[in-house]
Each structure stands twice: as structure tokens, then as C-alpha cells.
Peer 1: 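This is the structure, below, for whatever I ask next.
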Amino acid sequence: MTETPSTPPARGPAGIPPAGPPAAPGGERRHRAARVLRYVAGRLLTAAVSLFAVVVTSFFLFRILPGDPVRALTQDRAVTVEQMEAMRREFGLDQPLWQQFVDYCLGMLRFDFGISYQYRAPVTELLLDRLGPTLLLAGTGTLIAAVIGLTLGTGSAWRRGSVMDRVNTGVALTLWSVPSFWLGLLLIVALSSGAGLFPTSGMMSPGVTGTFNVALDVAHHMVLPVTTMVAVIYAQYMMVMRSSLLDEMGSDYLTTARAKGLRDALVLRRHAVPNALLPTVTLIFLELGRVLSGVILVETVFAWPGLGSLFYSGLRVPDLPIVQALFVVFAGSVIIMNLLADLVYPLLDPRVRP
Amino acid sequence: MVARQHHPRPGSRARTAPARWTAPLAAAGALAIAALPAATADAAAMADGADTDGGENTITVAASQPVDSMSPFLAQRLITTSIHRLNYDYLTNYDPQTNETIPALAESWETSEDGLTWTYQIRDDVTWSDGEPLTAEDIAWTYTTIMEDDAAGQANGSYVANFESATAPDPTTLEIELSERQATMLSLQVPIVPKHIWEQVDDFAAFNNDDEFPIVSSGPFVITGYQPNQSVTLEANKDYWRGAPEFDRVVFRYIPEKDAEVEALRSGEVSLIAGLTPAQADALEGEEHITVNNATGKRFQAFTINPGARTLDGEEFGDGHPALQDKTLRQAILRAIDKDEIVHKVYGGYAEPAEGYIPARYPMYSWSPEGDARLDFDADAANEMLDDAGYEMGDDGVRVSPDGDRLKLRMHVHNDRPDYVSIGRLMEEWLADIGIEVDNRTVDPGVLSDALHDGTYDLIFTGWSVNPDPDYVLSIHTCDALPREPGSMRGDAYFCNEDYDELYAKQLAEDGDPEKRADYIRDMQEILYDEAVVVTLTYSNMLEAYRSDVIGTMQVQPDPGGNLYGQDGHWSFSMATPAAAGGAAAGLSPGVIAGIGAAAVLALAAGGFYLWRRSATAEERE
């Protein structure tokens, strides 16, 4: 094609005229619709490209892991060479790499991540099994961390420099830098085996039946892992809330609000906090993706039967179908949350609307 | 990326929108979270049909491995094979005290003159847990399936590799035809499954045996529940032919972190843990209601020396140090190592120095060098050997081989084994004392395994668990175990010695006189020791602990000095007796504790929410 159109071609679905300079009344609105559409399409495309890159990376990244899965699985067992060859055939490891890659990509299109080497079950099934517990843990943790972080961040900023602010910031930053694995073990020693208040590990006690009893039992098992997660992640919500509220507090409109004689509490709630919330909401979205993958250590130390434990057990083999799929899920969740943040943000803040 | 947070100007929409958004979001989140436990609760109720009765006795075992498959045709891991030992019966078993072969499903057996036909008399009083009788046909079918189906042979194919056929001429007679004599016909560690259930399986590679519970079986316990990555529950088989176990239930709980396991034992959530480090065992020793079991090890720790990697056809590959092909150098390395120091410093005394290849736990096969054959720790003697053999000491304290190669050796150590890492550091010093520089590569097990199979190593750490029948661990040092092509070896040393092979064949064919077979096996160990390609260091103890307020007695195997977890039988569980006091761990009842926990979570969330909303109510009051 050598012909260059003088005006941009239509991009929207049928019925929406091509974007161009507004020519008639009502054109402004159409123009805006097209811009929004372009914005959304652009974000979707970026996300799709990133996802594709993740899929390709996931395949090749784990192929360079040292170690042969078949040898690792049969370690210390009496196996014949024929048995090992049969396993390699079953796993498809005897195929050339390009063939494995093609099979992997084709499977991916059908949401088929293959069969786990160590669990001998479809990876998709394993992921779905473990997704609930991880969402429960990560969701509860994020929610509590966000509530605590936003509350403390607001208080700290409003009374900047006070003893409370300094204590808050100090505690939050200390916990933020504590390894979650270590903190988890510490809590187990202090509150489980020490004080005997909570179970040391797992999601439920074997043999408990009845919906209500199980819900109680699960809640009981959740206390320590959720506390560990919250302790480690709330600091970032707090610090972002604090700094963006401090940004706001220098603004003229707050001085104006105060000058009108409004009470401090009202100025805070009605004027400062809503504006300061914007970056924090973005952060919460982005973190939702990251928290999902960040639970690996917490899940491992508390034997929580979620995606993190699955990833850990997969890496130990290496169980390629599992680690590949989870890499895609973890990276994909960050991409999707990023996308959601991009899409939701203009709704919250008119200044960034396309 | 979204990071637009600077200097907004006031705008009414911008100020109110977040408030309108956060409330429904929070509500939706809370709802979703409230709904999830209910969903998992239903799943749990379906997966585990067992009621918890306060009056029943349960042994809860902490397991650090996840279960791989509930199918005995596929399961490879120690955790799963241990569970299957409780769930299924075997043709024969090992005596709890002596480790010797005793009858199990087979009451008696006889061998033909040429040793190629084995006839077993099968018990007639055994039933499957669904009431069907267990017959010789079930056993023949199990073996035949493993022989004929590649997928079904994945876990236990090595036991039947030599079988021509397995048939059941009548319900109490099993006949096995062999292609070669095989001394291991009384140690076939193959779980026997019910034909009437398993013959419906089309694809053994895909069938995990975890859909229907209880799993039909004939062992002392029956698997009644399985929650992946969480727990496996077994209930006592009241009709077990050896007699019903005294414990009502055994639960295996997955706890991947060792320190968390110790805490779970302290809190009473689990009643048996294994695989303790010496430090953990010392810490638990003397604690109230906890008994530590210090068992002699069935595992040896060792390193192998690359004598020149090659294939079965003699093709050389890899880049092992050429001087290591010299037996004198290998023996000098062996002499430079102070095994007592390893026992003392690394294992805190919880180990024995190793000489022979078979751990001292098996007295029938264990061997130690005598007289001049001994290559005990003696750095001076090692230096003298090297001087005499023409290894000249360089100015930098590192020797040079007669061929002019500097003695700098790569040493691969598993970074996930703290004991190996410590031994590695000690070895660096000891080898420096005899003029060998060590390039210590403490690496991921995968890196180590690749170096071994590619022949790109000089010294490499290894270790094996040895079964009461040592045939397999001996077989991996025959010439036959050399790789057919680079990368496919199944052992851990490129060892190949005609005398050794001859003895190996003799012991395998010696199915009549156990003493004679043991003699051959001891001679094989002498060759391994003298060749110094496989250098054993220690037999480390197995350290375990259990709650003495739950478990009264537990049978060790062998007795005395044996272990509880990972036995070659089911004795520790099937013969265990509950503690007299009754057993439940001290403290509040689980229900009360659960309530406190749930309340704490809710209070935390509610507290945060209250703080969050406080300003709003303050405003309304104005």
C-alpha cells in the first residue's frame, strides 16, 4: 500500500464516524467517544502484547533451569532406564524444543497448561483448586492492610511530625523491611506453639465438618498468615497515603477551606482525603496483582494450600507445567490489574480523561 | 503506567468520586470474603466424610513433601509410599525387629530347581475393605499390569523387569516365571491393588485414584480422605488380618517448613515428626510430653570421584580431572578425610563414620576394612603416598600430577543440605593439607545433577537410602549402569569393574543361601572401598520426635535402634498404642479457639473500619 490517507481511518465500530476535527454541533461528543475508544483499545493492546511476552518468556525462562525433572522425581528410587524413558515420553520431554513450544502455545489458547509432572493432574485443575485459598488470603490481607494503611496514613499526615506520626512511620517501615517468612515463624513460635492460641499451619483441621464449623476453622487458621501479610504490606499504603495527603495539604484550596471557617475534620474528610486517595487507589489495584504472587513465602511457612505453595513445590522439582503456568498467572495478574487501574483511573479523576 | 499524583487542582467530581467508589468496593470485597469460607467448607465436607469423635485416637504425622499421586502405580515419593504401606498389603514384609523377610499376603513360597519359577501360597482369609475376597488373581493382575503397561510401571517397574509372567492357577497360588534368577523375590515392594476396581482404569498415567473414598484396600489402615496440599486421612481397618490397629486414625498433614513442623509438634497439632536436624532434636529433648527417637540411619552420605566419565560403549565424555583416573590419588583423598570430625562437628554426634557402602544398621551386609586394607584418616600418610607417586608439591602449596596437571578439583555440593555444605567446607581444608586445591561449588541440586550426568565434575556429593534388600544401590555401580549415551546414567559414579560385576551377578543369583549372598555383597563393598571412586563418609542418624501424651508406645524397626517414619513396613502405626491419659493436646477446645480466632479477625477489620468512618459520624454530630 503506497497510498497515504490524508485523514486518519475510522477505528471505531460501524456507526461511529472517524475521529477528526469537530465540524458540526455534536461533533465534540463523537470526537470524545472516539478518543475514549482509542484510549481503551490502546491499553488493551498494550496488555495483550505484554501477556504474549509473558507467555513466551514463561516457556523459555524455565527451560534454562538446571536439573532434569525426571531425574529429580525418581531421585533415590529404584528405577530402570526404561522407566525413566517412559516418563520422558509421557511428559513430552523427548520432543524437540520447538515442538514443545508449539504444543505449549496451542494448549495455552485452550487454557490447557498441560499435566503436572509431580501431581499427574491437569495444571488448570490444580490452579483452580488452589486459587480460592490464595484469593481468600491475599484478598483479606489486602483489604485489612488497605484499611489500616489508609487510616494510619491519614492520621500521620494530618499530624505530621507528632509523636504519633513518628511512631507510626517507624513501626510501618520496620515491619515493611522484615522478611515475611521470618515474621511468620516468629508469630508461630509466639502465638501458636507458645501461647497455643492459633494453629501453626494449614487452612483447616482434618475431620472438621459442617459449613459453619469449617468457616470458623478456616477463619481461625487465617489469623496468623493474614496478620503476617498485613504487617508486611500495610506500610506502603500508609506511606503513599501519607505523602499524597501531605502534597494536598500544601494546596491553596485547603487554606481557602480553612479560611471559610470549616472545621479541621471536615477539611480533612471532604477536601484533602478524596484528592489524596487517587494515587492510593491506583496503588491498591497494582498491589492486588503483586500481592497474589507475594504470598508465596507466607503460604509456604504456614502450609497454606494456595498458589504460592504450589509454585514452591513446583520449583523444587522443577515441575515445568506448574511453574510456567503460575508465572503466567502471577505476571498476568499484574498486567490485568495495571490495565484495570488504567481503565478505572479516568473515571475517578477527570483530569486524566482522554 | 499510572502515576499521576501531582498537584491536582480542586474539582468537585474529583473530590467526591473516590468516596462513591470505595464504599461499594469495600462492600463487595467483604461479601466475597464472607462467601469464600462457605464455598471451601462445602468442598471440605465433601472431601472428608469423617466425623471427629472426641473419644477416638489419632496419630497426626507432619509431612514435608506434598503427595504426588494416590495411585500406587505412579507414586514415587517417600510420603506417598509410606501412606501406601499402611493402605495396601505386600506379598511379603520385613520383620519389625530383625528386618528379615516375613510372610504377608504370601504365607509360604518355594523355588524351582533352576530358580526361575517361584510359587507363593497366598492367604485365604484376607478381604478387601469393600468385602470382596483378596485372591492370588489380584496379585497376578497387579504384577502383570506393571509389566505390560508403561504408565503402570512408572513407580515399581524395576521389581518386575525380570518377570516373564505372573499367573494365578487357583485363588491361593501365585506363580511367577523369571527370565533370570533374582534374589529379591522376597522383597518385592509393590502394593497389591484390587483387580475388580483397577481393571476399569483405561489410562494409568492419568488415573490418580483420588476421586472416590474410602479407597478399596487391604492394609491395616484405609485412606478415607485426601485434601491436596493439606492432608490425607486413614481410618483403621477393623478387619485387618493381623488384627485391628489400636489407633483409630492416622492423618498426614503437609507442612513444608521444618521449623514450622517442630512448632506444630510443640503445640500438639501433630503427634509425630521426622527428619529433624541435630539442633532441633537437642531442643526438643527433655521437653514435656515429647519423646525424641534417635534411630540409626538407613542412609549414607558420600561423595564420588570422577574416574573419567564414559558410556557403556566406552565413549569418553565430560571434563573430569585426568589425574583422578589414578587410584593412588583417589585413595590419598580418602585418607585426607577425618570422618570422626564430621560426625562430631557436623552431626553433633548423631551419626556414625562410614566405611562400607551398606549402613551398619544392616549387620548382615555391613562391612569394614581390615588390616592393611584400611585407609584411615592420616594426612601424613596421604602426603607420602602422593610424594611417592610423583605428585610434586608446587610453590603455591598445590601439587602437580606426573602428567603436569595442577591438582585443582571442582567439588559440587548441594546447597539445600546444610550438613553437606558444612562437610564441604571441612574438606576444602583437609584436601589443602595434602596439596589439593578445591574449587567449592555449593549449588542447586539441579546444577549438581547436570554436572554429574554431563561428566563435568571432579568430586560430587551424594547419598542413598538403603533398603533391607541392598540389590538396587549395588546395581548402580555395575558397568551396566553406565550411560548408553552421555547424560542418561542412573547412578552417581562412572564406576565399572569386572570383579564387582561378577560378584553382583553371583549375589543376585544366590536365592538359596542368604549367608553366601551376604558374603558376595561384603566383597563388593571391599572393591568399592579399595577403588575409592565412591567414598562413604557417614551414616547419619534419623532423628524423630513424637507426643508422648498422645502416643504411648510405637514400634521401631529394626528393634532396637530403628526408626518410626519411613519404615519398610507399617509397624510404627499398626502396632502403636495410645497414651494412657487419652491424648488430646492441652488447652482450649478447637471450637472455642476457632471462635476466638474468627472474632479476632473480625475485630481487627471492624476496628479499622470504625477508625476509617469515625470522622464521618463526627461530622454528622455537628
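Throughout, protein chains are lettered first and strands after them, A, B, ... in sequence-line order, and every chain is numbered starting at 1.
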Peer 1: Measuring heavy-atom distances to chain B, does A/F181 have an atom under 4.5 Å in its side chain, in its backbone, in both, or in neither?
Peer 2: side chain
Peer 1: For the candidates A/T200, A/L126, A/T46, A/I115, which exhibits the highest count of non-hydrogen atom pairs separated by less than 4.5 Å from chain B?
Peer 2: A/T200
Peer 1: Using heavy-atom distances under 4.5 Å, tell me whether B/V270 contacts chain A through its side chain, its backbone, both, or neither.
Peer 2: neither
Peer 1: What part of A/E90 gets closer than 4.5 Å to chain B, counting heavy atoms only: side chain, backbone, both or neither?
Peer 2: side chain
Peer 1: Of the backbone (N, CA, C, O) and the side chain (C-beta and beyond), which part of A/V70 lies under 4.5 Å from a heavy atom of chain B, both, or neither?
Peer 2: neither
Peer 1: Could you have a look at B/A481, B/S158, B/A161 and say which one has the most heavy-atom pairs with chain A under 4.5 angstrom?
Peer 2: B/S158
Peer 1: Hey, what do you get for CD (B/Q76) to OG1 (A/T74), rounding to the nearest 0.5 Å?
Peer 2: 6.5 Å
Peer 1: side-chain contact (heavy atoms from CB on, under 4.5 Å), that's the test. Do A/M87 and B/L74 meet it? Break it down for me.
Peer 2: CA-CA 10 Å; A/M87 282 176 81; B/L74 300 177; over 6 Å; no
Peer 1: Could you check A/R120 against B/F207 for side-chain contact (heavy atoms from CB on, under 4.5 Å), going step by step and ending with a plain yes or no?
Peer 2: CA-CA 8 Å; A/R120 307 305 175 99; B/F207 181 68; over 6 Å; no
Peer 1: Just wondering, are more than 12 heavy atoms of other shown residues or ligands nearer than 6.0 Å to CG in A/D252?
Peer 2: no
Peer 1: Heavy-atom cut-off 4.5 Å, strictly under: side chain, backbone, both or neither for B/D471 against chain A?
Peer 2: neither
Peer 1: Going by heavy atoms in the side chains, are B/H453 and A/D68 under 4.5 Å from each other?
Peer 2: no
Peer 1: When rounded to the nearest 0.5 angstrom, what is the spacing between CD in B/Q65 and OG in A/S313?
Peer 2: 11.0 Å
Peer 1: Minimum heavy-atom separation for A/P305 to B/P228, with atom names?
Peer 2: CB-O, 4.3 Å
Peer 1: Where does B/T462 contact chain A at under 4.5 Å (heavy atoms): side chain, backbone, both or neither?
Peer 2: neither
Peer 1: Write down the atom of B/G157, the atom of A/Q83, and the distance for their closest heavy-atom approach.
Peer 2: N-NE2, 3.1 Å
Peer 1: Could you report the tightest heavy-atom contact between B/S267 and A/S192, atom names first, then the distance?
Peer 2: CB-O, 4.0 Å
Peer 1: Quick one: closest heavy-atom pair of A/Y119 and B/N208, and the distance?
Peer 2: O-ND2, 3.2 Å
Peer 1: Please identify, among B/S71, B/A206, B/A155, the residue contributing the most non-hydrogen atom pairs under 4.5 Å to chain A.
Peer 2: B/A155
Peer 1: Any Lys/Arg nitrogen of B/D416 or A/R316 sitting under 4.0 Å from an Asp/Glu carboxylate oxygen of the other?
Peer 2: no
Peer 1: In Å and rounded to the nearest 0.5 Å, what is the OH to OG1 distance from B/Y159 to A/T80?
Peer 2: 12.0 Å
Peer 1: Once you round to the nearest 0.5 Å, how far does CG of B/N229 lie from CG of A/L307?
Peer 2: 10.5 Å
Peer 1: What are the two closest heavy atoms between B/R266 and A/S193, and how far apart are they?
Peer 2: CB-CB, 3.7 Å
Peer 1: With a 4.5 angstrom heavy-atom cut-off, is it the side chain or the backbone of B/T80 that approaches chain A, or both, or neither?
Peer 2: neither
Peer 1: So which atom in B/G487 and which in A/R71 form the shortest heavy-atom distance, rounded to 0.1 Å?
Peer 2: O-NH2, 3.0 Å
Peer 1: Side chain, backbone, both or neither: which part of A/A72 has an atom under 4.5 Å from a heavy atom of chain B?
Peer 2: neither
Peer 1: Using non-hydrogen atoms only, which part of B/V447 is less than 4.5 Å away from chain A: side chain, backbone, both, or neither?
Peer 2: both
Peer 1: Look up atom CG in A/L73 and atom CD in B/Q154, then write down how far apart they are to the nearest 0.5 Å.
Peer 2: 9.5 Å
Peer 1: Begin from the C-alpha positions of A/M204 and B/S231 and carry the test side-chain contact (heavy atoms from CB on, under 4.5 Å) through to its verdict.
Peer 2: CA-CA 9 Å; A/M204 51 184 120; B/S231 62; over 6 Å; no
Peer 1: Could you check if a side-chain atom of B/R77 sits within less than 4.5 angstrom of a side-chain atom of A/Q118, using non-hydrogen atoms only?
Peer 2: yes
Peer 1: Measure distances from B/A151 to the heavy atoms of chain A and classify the residue's part below 4.5 Å as side chain, backbone, both or neither.
Peer 2: neither
Peer 1: Given a strict heavy-atom distance threshold of 4.5 Å, which part of A/Y312 is in contact with chain B: side chain, backbone, both, or neither?
Peer 2: side chain
Peer 1: Are the side chains of A/S201 and B/E263 in touch, meaning some heavy atoms are under 4.5 Å apart?
Peer 2: no
